[in-house]
A.B. asks: 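Got a structure for you, written out below as structure tokens; questions coming shortly.
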Amino acid sequence: MESNSAMVAFPLLTTPIESNYRACTIPYRFPSDNPRKATPTEIAWIDLFRNSIPSFKKRAESDTTVVDASTKAEKFAQRYADILDDIKKDPESHGGPPDCILLCRLREQVLRELGFRDIFKKVKDEENTKAISLFPDVARLNDDIEDGGKCLENLVRGIFAGNIFDLGSAQLAEVFSRDGMSFLASCQNLVPRPWVIDDLDTFKAKWNKKSWKKAVIFVDNSGADVILGILPFARELLKRGTQVVLAANDMPSINDVTYPELIEIISKLKDESGKLIGVDTSNLLIANSGNDLPVIDLTRISQELAYLASDADLVILEGMGRGIETNLYAQFKCDSLKIGMVKVKHPEVAQFLGGRLYDCIFKYNEVLG
């Protein structure tokens with residue numbers, strides 16, 4: 001399911017990793033809970049994954065690369081629902097107790113066992129094409145903002161607006177199938193600040209007087225998210241002399257951008273002299289993270305990424321799965337940003353954080369010295 005080479009821990013995690021890191025932000029259970037009885041939190045999350053089955057089934061049915069897709073899609077829906085029922089009855093079945101990594105992994109396993117490799121491929125390609133055509137306008141819009149702080153805030157709003165493109169959410173999938181999403185309107189219509197976690201002013205003060213030599217950005221979704229959200233931000237870092245490593249999934253999962261797809265996107269965006277709307281890209285690197293899920297356990301990444309990240313002084317985890325559900329409280333040896341939007345599919349997360357649906361998280365941790 002993952003890269004052939006052995007997986008390693010992300011080298012910038014605070015050590016000892018065993019006592020400092022767990023790839024799950026919301027505790028589903030506590031040591032005092034009965035191991036044989038599902039907790040209310042576990043039940044809520046199992047139900048959330050169950051509610052996503054119809055939209056996954058629909059995508060699988062329309063996968064033209066799979067023979068007899070509709071029958072296999074029905075099998076997927078039934079098999080995954082049975083697994084979730086098993087876990088509800090006995091949290092320790094299927095490798096539990098459950099967390100968001102296990103629930104995602106089991107869903108991917110069932111899809112892959114039935115021959116589905118990338119059920120969101122068609123919509124990813126469509127959204128990438130749309131976003132590529134909009135990229136020059138978005139980049140130039142940022143270039144026209146002379147005030148550094150205002151430019152940064154505009155870039156951050158762009159990341160949130162792009163992150164709305166998330167087809168793991170049944171409701172958002174419906175919105176997209178109806179009419180797509182206006183990127184610039186989304187930038188304007190974010191929930192008002194202060195956001196549920198809002199370190200933007202602190203980061204802005206650092207941005208104006210500090211520069212980072214190397215940033216590793218764990219990217220999230222295809223389409224507007226990576227192309228209109230992350231890439232303009234990465235481009236701004238490149239302009240400031242920062243080397244940027246974009247870490248993308250090894251294998252497809254929901255509508256997350258993969259390593260081969262990201263290489264193709266960047267090649268389409270570069271001009272004949274290899275520039276991104278006038279910005280040199282010799283300091284832009286694309287890495288295979290070794291990951292195959294929409295969430296990430298940073299104790300299991302590719303050796304390639306570990307090597308490239310070892311001397312970075314800024315780590316950015318973007319998106320609901322990587323930045324909020326699994327790594328919101330991850331501690332690093334260097335500065336870090338966790339950026340993501342609390343989507344409508346996750347009222348539990350909004351409740352846990354004390355925020356609103358579609359609230360934004362911009363969490364900055366500076367490591368002094």
Side-chain angles (χ1 to χ4, degrees), residues 1 13-14 16-57 76-111 166 168-172 196-197 220 253-254 256 291-300 317 319-331 338 340-359 361 363:
M1 283 175 68
L13 283 170
T14 302
I17 292 169
E18 299 73 29
S19 54
N20 279 299
Y21 179 75
R22 182 160 180 256
C24 190
T25 298
I26 299 175
Y28 283 24
R29 64 169 44 241
F30 296 96
S32 56
D33 289 321
N34 181 347
R36 291 286 177 192
K37 189 170 186 290
T39 66
T41 306
E42 285 171 342
I43 289 167
W45 280 84
I46 290 165
D47 287 344
L48 190 146
F49 275 81
R50 186 180 247 292
N51 291 341
S52 75
I53 291 175
S55 66
F56 276 75
K57 179 178 172 240
F76 154 74
Q78 193 55 57
R79 201 176 290 176
Y80 188 50
D82 290 346
I83 288 170
L84 294 178
D85 289 344
D86 290 347
I87 297 172
K88 241 187 201 178
K89 289 188 203 114
D90 176 9
E92 297 198 323
S93 64
H94 300 281
D99 57 19
C100 60
I101 286 182
L102 180 67
L103 295 172
C104 285
R105 184 167 296 292
L106 290 167
R107 182 173 63 195
E108 292 298 337
Q109 266 175 338
V110 176
L111 283 167
D166 181 353
S169 160
Q171 292 91 336
L172 287 170
V196 63
I197 299 177
D220 190 19
S253 187
I254 314 186
D256 289 14
N291 191 42
D292 64 341
L293 298 174
V295 287
I296 193 166
D297 178 350
L298 292 176
T299 64
R300 295 181 53 75
L317 287 138
M320 187 83 198
R322 291 164 191 77
I324 301 177
E325 286 172 4
T326 47
N327 290 292
L328 186 61
Y329 302 128
Q331 296 173 52
K338 286 79 174 255
M341 182 178 279
V342 182
K343 313 272 177 55
V344 74
K345 62 175 173 170
H346 288 309
E348 295 81 4
V349 178
Q351 197 179 345
F352 175 76
L353 296 168
R356 305 154 284 186
L357 282 176
Y358 295 114
D359 215 329
I361 283 174
K363 190 175 195 295

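Being a predicted model, the structure only gives us computed values, none of them experimental. When reading the values below, keep in mind they use all heavy atoms of this one structure, side chains included, and skip hydrogens, waters and symmetry mates.
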A.B. asks: Kindly write out the residues that satisfy side-chain contact (heavy atoms from CB on, under 4.5 Å) with P40, not counting sequence neighbours, or none if the list is empty.
C.D. replies: none
A.B. asks: Can you find a heavy atom in the side chain of Y80 that is under 4.5 Å from one in the side chain of I53?
C.D. replies: yes
A.B. asks: Test Y21 against T14 for side chain to side chain contact (heavy atoms under 4.5 Å, CB included), laying out the working first.
C.D. replies: CA-CA 8 Å; Y21 179 75; T14 302; over 6 Å; no
A.B. asks: Looking at G321, is its backbone amide N or carbonyl O close enough to the side chain of T326 to form a donor-acceptor pair, meaning the two atoms are under 3.5 Å apart?
C.D. replies: yes
A.B. asks: Any chance you could measure L298, atom CG, to I17, atom CD1, to the nearest 0.5 Å?
C.D. replies: 9.0 Å
A.B. asks: Restricting to salt bridge (Lys or Arg N to Asp or Glu O under 4.0 Å), what partner residues turn up for R356, sequence neighbours left out?
C.D. replies: D359
A.B. asks: Under 3.5 Å, side chain of N291 to main-chain N/O of I296, donor-acceptor pair present?
C.D. replies: no
A.B. asks: Please list, chain by chain and in numerical order, all residues satisfying side chain to side chain donor-acceptor pair (under 3.5 Å) with T299, sequence neighbours excluded.
C.D. replies: D297
A.B. asks: Using 0.5 Å steps for rounding, measure from the CZ atom of R107 to the CZ atom of F49.
C.D. replies: 5.0 Å
A.B. asks: Applying side chain to side chain donor-acceptor pair (under 3.5 Å), name anything that partners S253, two or more places apart in sequence or on another chain.
C.D. replies: E108
A.B. asks: With D85, which residues qualify under side chain to side chain donor-acceptor pair (under 3.5 Å), at least two apart?
C.D. replies: R50
A.B. asks: Checking R22 now: which residues fulfil side-chain contact (heavy atoms from CB on, under 4.5 Å) with it, not counting sequence neighbours?
C.D. replies: C24, D99
A.B. asks: If you measure from CG on L353 to CD1 on I197, what distance do you get to the nearest 0.5 Å?
C.D. replies: 5.5 Å
A.B. asks: Using side-chain contact (heavy atoms from CB on, under 4.5 Å) as the criterion, list what pairs up with P27, not counting sequence neighbours.
C.D. replies: F30, F352
A.B. asks: Starting at CD1 of I87, measure out to CG of D82 and round the result to the nearest 0.5 Å.
C.D. replies: 11.5 Å
A.B. asks: Going by side-chain contact (heavy atoms from CB on, under 4.5 Å), name the residues that satisfy it together with K88, two or more places apart in sequence or in a different chain.
C.D. replies: I43, I46, D47
A.B. asks: Would you mind telling me which of D256, L328, L293, V295 makes a side-chain contact (heavy atoms from CB on, under 4.5 Å) with R322?
C.D. replies: D256
A.B. asks: Can you name the side chain to side chain donor-acceptor pair (under 3.5 Å) partners of R29, sequence neighbours left out?
C.D. replies: E42
A.B. asks: Would you please name every residue forming a salt bridge (Lys or Arg N to Asp or Glu O under 4.0 Å) with D90, sequence neighbours left out?
C.D. replies: R36
A.B. asks: Is the backbone of A330 close enough, under 3.5 Å, to the side chain of K338 for a donor and an acceptor to pair up by distance?
C.D. replies: yes
A.B. asks: As an exercise, state the distance from CG of L102 to OH of Y28, rounded to the nearest 0.5 Å.
C.D. replies: 9.5 Å
A.B. asks: Measure the spacing between NE2 of H94 and CD of Q109 and express it to the nearest 0.5 Å.
C.D. replies: 10.5 Å
